[in-house]
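Read through the structure below, which is laid out as structure tokens, and then see the notes.
When reading the values below, keep in mind they use all heavy atoms of this one structure, side chains included, and skip hydrogens, waters and symmetry mates. Order of listing sets the numbers, starting from 1, for every ligand and every atom in it.
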Amino acid sequence: MNSLNRNNILGVDYHIHTILCNHAGSSMEAYIKKAVSMGFQEICFLDHLTLTEPGHEFSMTPEEVPLYFNAVQMLKRRYIGIINIKAGLEIDFNPFYVDLFQKISGSYAFDVIGSSLHFPGGIDVVSRKSEWSRGEKDSDYIYGLYLESLDKMIDHSYFDIVCHLDLVKKFGGTPSRSFENEFNCIIEKISRKKLTVEVNTSGYIHPAEEAYPSFDILTKCCKSGVEITLGSDAHDPESIGQHYDKVLPLILQAGYRHVSVFTQRKRSEIPLPAGGGNDWSKG
Ligand SMILES: [Zn+2]
Ligand SMILES: [Zn+2]
């Protein structure tokens, strides 16, 4: 057990995967036990629902959604009074399945629905084995495609959170021009639609070496009144809360004083600890 100061940590992780997505290890309960041992107060399973080719093999199927939902509900009850467990989905945007996404997100009492973009226009921008990761795709083309697809995603209303907003930077490919205007328009649209942006710390373990989104985007989000959640994108229990020590000071510097949590799609707030909130040592 780590030494903890429960009043001075931000023990919230809103992006945790499970074994159902076929590329994460350990049981759901192992994630919960790890989070409890770290003094976390609330975690949210946000497992993949990807129906795009390629990518669907790393996801639960629509038929598995009830199984997943019920498994989280059972754990939620088991850990009452110890840690808050929330049930969410990370839905991979695909314009051809929006009706199904709407139906699924409306049929179960999920606490939160996130939407992300791993395969804009059917192109893989997330896997290490992709052409994009090997630098074999034109950066301007991929950035353009990613931002155009993101803009379309945000037109829809089946979700609450935009996950890893600038994931396109994952492998470090640099476009020849700035896509700042496109990002600005997207932030503006997110603000108008009152969507929440996720701060995702998995970027620190990718070639991008920083959180998603960048500090610049995060600062603009704050100025535009966009709320944030915080998550590690853990695919193993050891990654819960990864790199919070690096990101929490940046979140404060960007102007935020709280992060959002959700209960049955309703947002509420948890204050950020003034000192950056990383008073635990991971062991
Ligand atoms: Zn993702
Ligand atoms: Zn994820």
Would you say H118 has an N, O or S atom lying under 2.8 Å from the Zn ion (ligand 1)?
-> yes
For this output row, return yes or no: ring centroids of H15 and F45 closer than 6.0 angstrom.
-> no
Contact flag H15/the Zn ion (ligand 1), N/O/S atoms, threshold under 2.8 Å = no
Are side-chain N/O atoms of E90 and S116 paired as donor and acceptor at under 3.5 Å?
-> yes
Looking from the Zn ion (ligand 2), what is the angle between OE1 on E90 and OD1 on D233, to the nearest 10°?
-> 170°
Find out whether K246 and T201 are in side-chain contact, i.e. whether some heavy atom of one side chain is under 4.5 Å from a heavy atom of the other.
-> no
Of the backbone and side-chain N, O or S atoms of H164, does one lie nearer to the Zn ion (ligand 2) than 2.8 Å?
-> no
Cation-pi check, R177 onto F179 ring (under 6.0 Å, within 45° of axis) | yes
